[in-house]
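The sequence lines fix the lettering, A, B, ..., with proteins before strands; numbering per chain opens at 1.
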2 protein chains.
Amino acid sequence: MNIECHNIIDNQMSVFSVLNEEEKELLKKNSTCTYYKKNDIIYKEGDKPSGLICLSKGKVKIFKEGVGGREQIVRMAKPVGFIGYRALFAEQNYLASAEAIEDSVICTIEKDTLFKILKTNYELAFSIIRSLASELGFSNNRTVTLTQKHIRGRLAESLLFLKDTYGVEDDNATIKVYLSREDIANLSNMTTSNAIRTLSTFASEKIIALDGRKIKILDFKGLERISELG
Amino acid sequence: MNIECHNIIDNQMSVFSVLNEEEKELLKKNSTCTYYKKNDIIYKEGDKPSGLICLSKGKVKIFKEGVGGREQIVRMAKPVGFIGYRALFAEQNYLASAEAIEDSVICTIEKDTLFKILKTNYELAFSIIRSLASELGFSNNRTVTLTQKHIRGRLAESLLFLKDTYGVEDDNATIKVYLSREDIANLSNMTTSNAIRTLSTFASEKIIALDGRKIKILDFKGLERISELG
DNA sequence: ACATTTGTATGTTTTTTAACATATTTTTAT
DNA sequence: ATAAAAATATGTTAAAAAACATACAAATGT
């Protein structure tokens, strides 16, 4: 039943590798596994965190509702990574919503158990500190680029970001995530029309190739140049 | 010599109140006090953090250089608060610069000493986790408002933010920080011209009153409405 | 005290991007 | 299989904000 969750906790690469067997067992006993279909909401802005959510399989977008309900994607999660841990550790309700963009499996570690173990494991606490600090750096960067770069620069950066986050297919060029034009727009702070238009322009300039939702990067250096120039 | 620093560590309200006398002494011994004049740079993007910087007196702006050197203020610090702790805990070089906007006093706690004490004090670690998590929430919020709100909304929000952060003078209306129009623009993601113009418009609408760098909020509710509408 | 620089103010033009309109294609539901 | 809905595509118009220009005031250095 909970195999997917147990794998995460046992994984040698995970932050839980610093725990002893007894602690790991305790975490496993106090965690639940949930399956989500594509487009399912995992949590909504305003909800109260009940535990540490870990993405075991799938892909998830984290987004905020802005002016007039306009959506801004603030993060894209991949396995194995935490979701919604910011609100949990800030002891706040969620300030963003999470939605599966592919069928996904998540493991939720019960809050009190986690905090109990956290008290005795400074290494675990350090890795959470490092994680939050890194994400804060990323967020501040995003603030600047989303406000200062022009449409082409913002879109180019988003494509590079998606490639960095999810990697590429076997052809070593096709970005390994299949977002709607609307999601690409919401990630890049532009309207859907402009995302579609600018993707088309990039394609006509042979910087990328489009095939439905597949985006193949043909000129990586060119894309980097567009992103840097703004 | 180091009295200003010692005060911070001894302060009952500070995060260090959870430490015992011995630990506090150790921190004091390994911290240095530095005085900065208005417009002095405390650190620059790319510098390596040498310790935990605590603002004891004064006011400091944290900003990033964006496209074409355009400045974006990402945070405003007040006493008693930490500066540059994100980079320190992410184990990265600074991704932003810090500049005193008033004469300021800072206390730098040496890195290794801090981490040593952090290992044995989960409460201290927790308060850093909470701090980073809160600031990340703030940063994500800023990303959305700076990208989605229109000029009037962005400026209104900035004025409310400055009031929240630094409070008001004895008249209960004048914001207790005196920024240049350029800094207000760099905080609000707009050109200096537009900051000046929009401040003038607000003044003509009797929402604020201007007297040099003094900004007096006349219609708080009105300002909130403008900020919310975007 | 004066020149020089820096900051503030405001009008005009141009660029960028959102908003709108309308096809066309693809997906989904029945 | 077919209708309905959703997603994609592209052209046009309108609005927002940057860029530019210029004037004036205040602060600073000599």
Could you give the [atom1]-to-[atom2] distance, from [X] to [N], as a whole number of Å?
X         : N       : atom1 : atom2 : value
Asn189(A) : dA17(D) : CG    : P     : 12 Å
Asn39(A)  : dT28(C) : CG    : C1'   : 12 Å
Leu210(B) : dT10(C) : CG    : P     : 10 Å
Tyr178(B) : dA26(D) : OH    : C1'   : 18 Å
Leu199(B) : dA9(C)  : CG    : P     : 8 Å
His150(B) : dT17(C) : NE2   : P     : 13 Å
Arg181(B) : dT6(C)  : CZ    : P     : 19 Å
Phe202(A) : dT8(D)  : CZ    : P     : 17 Å

Under 3.5 Å side-chain donor-acceptor pair for Thr143(A) and Asn140(A):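 On atom types as modelled, these side chains do not qualify, holding no pair under 3.5 Å.
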Thr145(A) and Glu157(A): side chain donor to acceptor below 3.5 Å: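 A pair is found: one side chain offers a donor N or O, the other an acceptor, under 3.5 Å apart.
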Parallel, tilted or perpendicular, as decided by the 30° and 60° cut-offs, for the rings of Phe89(A) and Tyr85(A):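 It falls in the perpendicular class, over 60°.
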Nearest to the side chain of [X], which nucleotide is it out of [options]?
X         : options                  : value
Arg213(A) : dT12(D), dT8(D), dA17(D) : dT8(D)
Arg70(B)  : dA18(D), dT8(C), dG11(D) : dA18(D)
Ile196(A) : dA18(C), dA9(D), dA17(D) : dA9(D)
Ser193(B) : dA7(D), dA21(D), dC20(C) : dA21(D)
Arg154(B) : dA18(D), dT8(D), dA18(C) : dA18(D)
Glu182(A) : dA7(D), dT12(C), dT17(C) : dA7(D)
Ser180(A) : dT8(D), dT10(C), dT8(C)  : dT8(D)

Separation between NZ of Lys61(A) and CD1 of Ile42(A), rounded to the nearest 0.5 Å: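 Taking NZ in Lys61(A) and CD1 in Ile42(A), the distance rounds to 11.5 Å.
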Residue pair Ala195(B) / Arg181(B): nearest heavy atoms and the distance that separates them: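 Scanning both residues, the minimum pair turns out to be CB-O, 3.9 Å.
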N/O (side chain, Thr191(A)) to phosphate O (OP1/OP2, dA18(C)) under 4.0 Å: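 Result: yes.
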